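One-based numbering along the sequence shown. From a predicted model like this one, the values you see are computed outputs, not experimental measurements.
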Amino acid sequence: MSKNIAPFVGNSNFVNEIKSLLPTLSSNNASVLLVGERGSGKRLIAQHIHYETARNFGCFFEVNCKSFTEFQILESFDTVEKLVTYNQRVTLFISFIDELSPAAQEKLLSLVKLHANKGAGIKLITSTEVSLEACVSAEKFSSDLFYRLNAVVLNVIPLRQRKEDILPIAKSCMESFSKKSGYGFNQFSEEAISALENNFWGGNIDELFNAIQRAFIVGQPPVIKSSDLGFNNMDSAIRNVTEVELADRSLKNALDAFKKEYLTKILEENGWNQTKTARVLGIQRTYVIRLMNELQIRRK
């Protein structure tokens, strides 16, 4: 197992099922389609499928269809094809597979057919947040490619539906950050544990990761407290929004009011430093600037 890969931890039936499937998924060339919400751990599962039997597939090659340009995607597929031509075994992980353009879909299909016909050394793992069947029905995705990608389909369950995994993942994150940073955090307070277990986790594991990272920035070792996680700020923001008499009670209006209140609080906590604020929120600095402009947030 690679030292650079995060451990796949948890006590839920979902985690135990995935762990039991890893040897089988890793030992054959069947393609795997991972379906689940953003941040739910699809990439981590793909890495573990690869590294479970890394002797069979030496290179983990990742293509992000949302952030890569079409040129980069097509070039990546060409690179993979060259690697297997030279007898290199590759795990090709393609995230946001539904974002592939028709040209890229055609290129990938030819690569998949090459793999099927010649037994090329490609382990294909793809992921999506949406229904590929719906994309096929809407004629936005190749039916031929879809049926070749979904040999094995794994539905990745959101973190809020497997609460027994929250604390093990949080502890794993804390241990990892402590080793990398040298900060002596080694436990959560009882209030922090309660806050972790009762948070909604709309952002799944990525949100949990960011909450622990925030605690390392604002907290004092060795104990991570509830207030270090940022949940109190969110509760306060919700209370402030609900106490305001909204002329327009639409959902969009309420969400915008909450975002403005919450973003303002995080900006104030970080001295209105946009880079630090973006790091705490787990988003890009450019998105912070865009939200400030859209919501008309100004430093007082």
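- Each of Tyr287 and Ile289 belongs to its own hydrophobic cluster when Ile, Leu, Val, Met, Phe, Trp and Tyr are linked at side-chain heavy-atom distances under 4.5 angstrom.
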>> Quick one, Tyr51 with Thr91, criterion side chain to side chain contact (heavy atoms under 4.5 Å, CB included). Give me CA distance, side-chain angles, the key distance, then yes/no.
In response: CA-CA 10 Å; Tyr51 286 115; Thr91 297; over 6 Å; no
For residues 33-46, which side-chain N or O atoms pair as donor and acceptor with protein atoms under 3.5 Å away, sequence neighbours left out?
residue : atom : partner : partner atom : Å
Glu37   : OE1  : Arg160  : NH1          : 3.2
Glu37   : OE1  : Arg160  : NH2          : 3.3
Glu37   : OE1  : Asn204  : ND2          : 3.0
Glu37   : OE2  : Arg160  : NH2          : 2.5
Arg38   : NE   : Glu129  : OE2          : 3.0
Ser40   : OG   : Glu37   : O            : 2.6
Lys42   : NZ   : Gly36   : O            : 3.1
Lys42   : NZ   : Glu37   : O            : 2.8
Arg43   : NE   : Glu62   : OE1          : 2.8
Arg43   : NE   : Glu62   : OE2          : 3.1
Arg43   : NH2  : Glu62   : OE1          : 3.0

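- Distance CZ/Phe93 to CG/Asn64: 8.5 Å, rounded to 0.5 Å.
- When all heavy atoms of Val223 and Ser189 are compared, the closest pair comes out as CG1-N, 3.6 Å.
- Residues Leu263 and Ile297 form a side-chain contact, since some pair of their non-hydrogen atoms from C-beta on lies under 4.5 Å apart.
- Ring geometry for Phe216 against Phe185 counts as tilted: the plane angle lies between 30° and 60°, on a 0 to 90° scale.
- Contact annotation: the side chain of Glu52 never approaches that of Leu21 to less than 4.5 Å [non-hydrogen atoms, C-beta and beyond].
- Placement of Ile193 and Trp201 within a single hydrophobic cluster is found when ILVMFWY residues are connected by side-chain heavy-atom separations under 4.5 Å, directly or transitively.
- Atom-to-atom distance recorded for Thr126:OG1 and Leu92:CG is 9.0 Å, nearest 0.5 angstrom.
- Of all heavy-atom pairs between Pro158 and Arg162, the closest is O-CG, 3.4 Å.
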> Can Glu207 and Asn199 be said to form a side chain to side chain donor-acceptor pair (under 3.5 Å), step by step?
Replying inline: CA-CA 10 Å; Glu207 182 185 352; Asn199 190 53; 3.3 Å; yes
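- Judged as a ring pair (Phe, Tyr, Trp, His ring centres under 6.0 Å), not a single pair has a partner in residues 143-162 (not counting sequence neighbours).
- Among residue pairs with one or both ends in residues 145-154, those qualifying as salt bridge (charged side-chain N to carboxylate O under 4.0 Å, His left out) are Asp144-Arg148; sequence neighbours excluded.
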>> Working note: Asn210 + Val280, criterion side chain to side chain contact (heavy atoms under 4.5 Å, CB included); need CA distance, chi angles, decisive distance, verdict.
In response: CA-CA 7 Å; Asn210 290 331; Val280 170; over 6 Å; no
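- Two residues are said to be in side-chain contact when any heavy atoms from C-beta on lie closer than 4.5 Å; Ile169 and Phe8 fail this criterion.
- Atom-to-atom distance recorded for Lys123:NZ and Ile49:CD1 is 6.5 Å, nearest 0.5 angstrom.
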>> One pair to check against side chain to side chain contact (heavy atoms under 4.5 Å, CB included): Trp272 and Thr277. What are the steps and the verdict?
In response: CA-CA 7 Å; Trp272 291 83; Thr277 297; over 6 Å; no
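- Side-chain atoms of Ser26 do not come within 3.5 Å of backbone N or O of Pro23 as any donor-acceptor pair.
- Looking only at side-chain heavy atoms (C-beta outward), Met174 and Ile224 come within less than 4.5 Å of each other.
- Residues passing the ring-ring contact (aromatic ring centres under 6.0 Å, His included) test with Phe61, sequence neighbours excluded: none.
- Phe68 and Gln72 get closest at one heavy-atom pair: CA-OE1, 3.4 Å.
- Heavy atoms only, all atoms of each residue included: Ala211 and Leu229 are closest at O-CD2, 3.8 Å.
- Between the side chains of Glu133 and Ser131, at least one donor N or O sits under 3.5 Å from an acceptor N or O.
- For the atom pair CG of Leu154 and OG of Ser127, the computed distance is 11.5 Å after rounding to the nearest 0.5 Å.
- Few gaps surround NZ on Lys19; more than 12 heavy atoms of other groups in view lie less than 6.0 Å from it.
- In the hydrophobic clustering of ILVMFWY residues, with side-chain heavy atoms under 4.5 Å counting as a link, Phe200 and Ile157 come out apart.
- Residue pairs satisfying the salt bridge (charged side-chain N to carboxylate O under 4.0 Å, His left out) criterion with at least one member in residues 275-285, sequence neighbours excluded, are absent.
- Here CG of Asn13 is found 11.5 Å from CD1 of Ile18. Values are rounded to the nearest 0.5 Å.
- Under the 6.0 Å cut-off for aromatic ring centres, Phe209 and Phe177 qualify, their centroids lying closer than that.
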> Do Lys225 and Glu190 pass the salt bridge (Lys or Arg N to Asp or Glu O under 4.0 Å) test, and can you show the C-alpha distance, the side-chain angles, and the key distance before you say yes or no?
Replying inline: CA-CA 8 Å; Lys225 298 180 294 185; Glu190 291 298 322; over 6 Å; no
> Stepwise, does the side chain to side chain contact (heavy atoms under 4.5 Å, CB included) test hold for Asp228 with Ile217?
Replying inline: CA-CA 8 Å; Asp228 299 334; Ile217 295 172; over 6 Å; no
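- The hydrophobic cluster containing Val136 also contains Leu124, counting ILVMFWY residues as joined when their side-chain heavy atoms lie under 4.5 angstrom apart, directly or transitively.
- Taking CG from Leu291 and CD from Gln296, the interatomic distance works out to 13.0 Å, rounded to the nearest 0.5 Å.
- Across every non-hydrogen atom of Asn150 and Ser31, the tightest pair is N-OG, 4.1 Å.
- For CD of Gln220, the number of neighbouring non-hydrogen atoms (other residues, nucleotides, ligands) closer than 6.0 Å is 12 at most.
- Side-chain contact between Leu25 and Asn28 is absent, with no heavy-atom pair separated by less than 4.5 Å.
- Every pair passing side-chain hydrogen bond (donor to acceptor under 3.5 Å, both in side chains) that includes a residue from residues 99-108 is listed here, sequence neighbours excluded: Lys66-Glu99, Glu70-Ser101, Asp78-Lys107, Glu81-Lys107.
- Under 4.0 Å is where a charged nitrogen must lie from a carboxylate oxygen, and between Glu294 and Arg290 at least one such pair does.
- Residues Asn16 and Ser12 are not in side-chain contact: their nearest non-hydrogen atoms beyond the backbone lie 4.5 Å or more apart.
- Under the 4.5 Å side-chain heavy-atom criterion for Ile, Leu, Val, Met, Phe, Trp and Tyr, Val80 and Leu74 are members of distinct hydrophobic clusters.
- Taking both residues in full, the closest heavy atoms of Phe77 and Leu111 are given as O-CD2, 4.2 Å, listed atom of the first, atom of the second, then distance.
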